[in-house]
Amino acid sequence: MIESPCVACCRLNSEKVCVGCYRHISEIVDWNRRTDEENSAILQKVAIRMHEATSQNLPDTETSPITQAEWQAAKTAARVK
């Protein structure tokens with residue numbers, strides 16, 4: 001099992017990407033239910049997002065904590081696939 005990249009800093013930017021682990025909310029939900037192949041593909045995207053965020057001196061963007069409603073909507077969407 002691939003370990004989650006979570007760093008316990010669950011705050012989403014306007015694109016619904018966590019500024020702590022660089023996963024989209026849809027990639028965060030059901031992490032432990034995904035296959036290693038699926039999580040490996042997510043980690044590749046995470047590496048790209050992290051590189052882009054750290055290599056570009058982008059100003060801090062407004063973030064918000066993940067709400068229960070967002071979490072539930074993402075879980076529902078993940079289960080529909």
Side-chain angles (χ1 to χ4, degrees):
M1 175 183 274
I2 296 177
E3 189 173 328
S4 168
C6 180
V7 295
C9 176
C10 301
R11 296 199 57 88
L12 302 178
N13 65 16
S14 62
E15 297 173 350
K16 301 299 181 196
V17 172
C18 177
V19 298
C21 69
Y22 296 97
R23 289 180 294 169
H24 188 272
I25 189 170
S26 65
E27 298 165 339
I28 295 170
V29 299
D30 291 340
W31 176 267
N32 292 328
R33 293 179 182 231
R34 296 178 194 273
T35 66
D36 282 349
E37 292 78 20
E38 291 170 319
N39 286 340
S40 180
I42 290 170
L43 290 178
Q44 289 176 358
K45 294 176 189 177
V46 163
I48 292 167
R49 289 182 194 128
M50 186 182 299
H51 175 73
E52 289 174 350
T54 57
S55 67
Q56 302 169 3
N57 288 328
L58 299 176
D60 288 338
T61 59
E62 191 171 322
T63 63
S64 62
I66 298 174
T67 66
Q68 184 69 22
E70 289 173 315
W71 183 263
Q72 289 301 324
K75 283 188 83 67
T76 299
R79 297 226 167 103
V80 170
K81 291 181 180 178

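Predicted model, so just to flag it, every value in this text is computed and none were measured.
Contact record, Cys6 with Arg23: CB-NH2, 3.7 Å, taken as the closest heavy-atom pair. The minimum heavy-atom distance linking Pro65 with Glu70 is given by the pair O-OE1, 3.7 Å. Closest approach of Cys21 and Val7 over heavy atoms only: N-CG2, 4.2 Å.
Within the 4.5 Å cutoff, side-chain heavy atoms of Ile25 are placed close to those of Ile66. Taking 4.5 Å as the limit, every side-chain heavy atom of Lys45 sits out of range of all side-chain heavy atoms of Tyr22.
Of the inter-residue distances, the one linking Met1 atom CE with Thr35 atom OG1 reads 10.5 Å to the nearest 0.5 angstrom. Atoms OG and CE, on Ser55 and Met50 in that order, are 12.0 Å from each other to the nearest 0.5 Å. Remark: Glu3 CD to Asn39 CG distance equals 11.5 Å, nearest 0.5 Å. Taking SG from Cys18 and CD1 from Ile28, the interatomic distance works out to 5.0 Å, rounded to the nearest 0.5 Å.
Ionic pairing of Glu27 and Arg49 is present here: one or more N-O contacts between side-chain nitrogen and carboxylate oxygen are shorter than 4.0 angstrom.
The closest donor-acceptor contact from the side chain of Arg11 to the backbone of Thr63 lies under 3.5 Å. Checked by atom type and distance alone, the side chain of Asp30 never pairs as donor or acceptor with a backbone atom of Arg33 at under 3.5 Å. Side-chain atoms of Thr76 come within 3.5 Å of backbone N or O of Gln72 as a donor-acceptor pair.
Val29 and Val46 fall into different hydrophobic clusters, where Ile, Leu, Val, Met, Phe, Trp and Tyr are joined by side-chain heavy atoms under 4.5 Å apart, directly or via other members.
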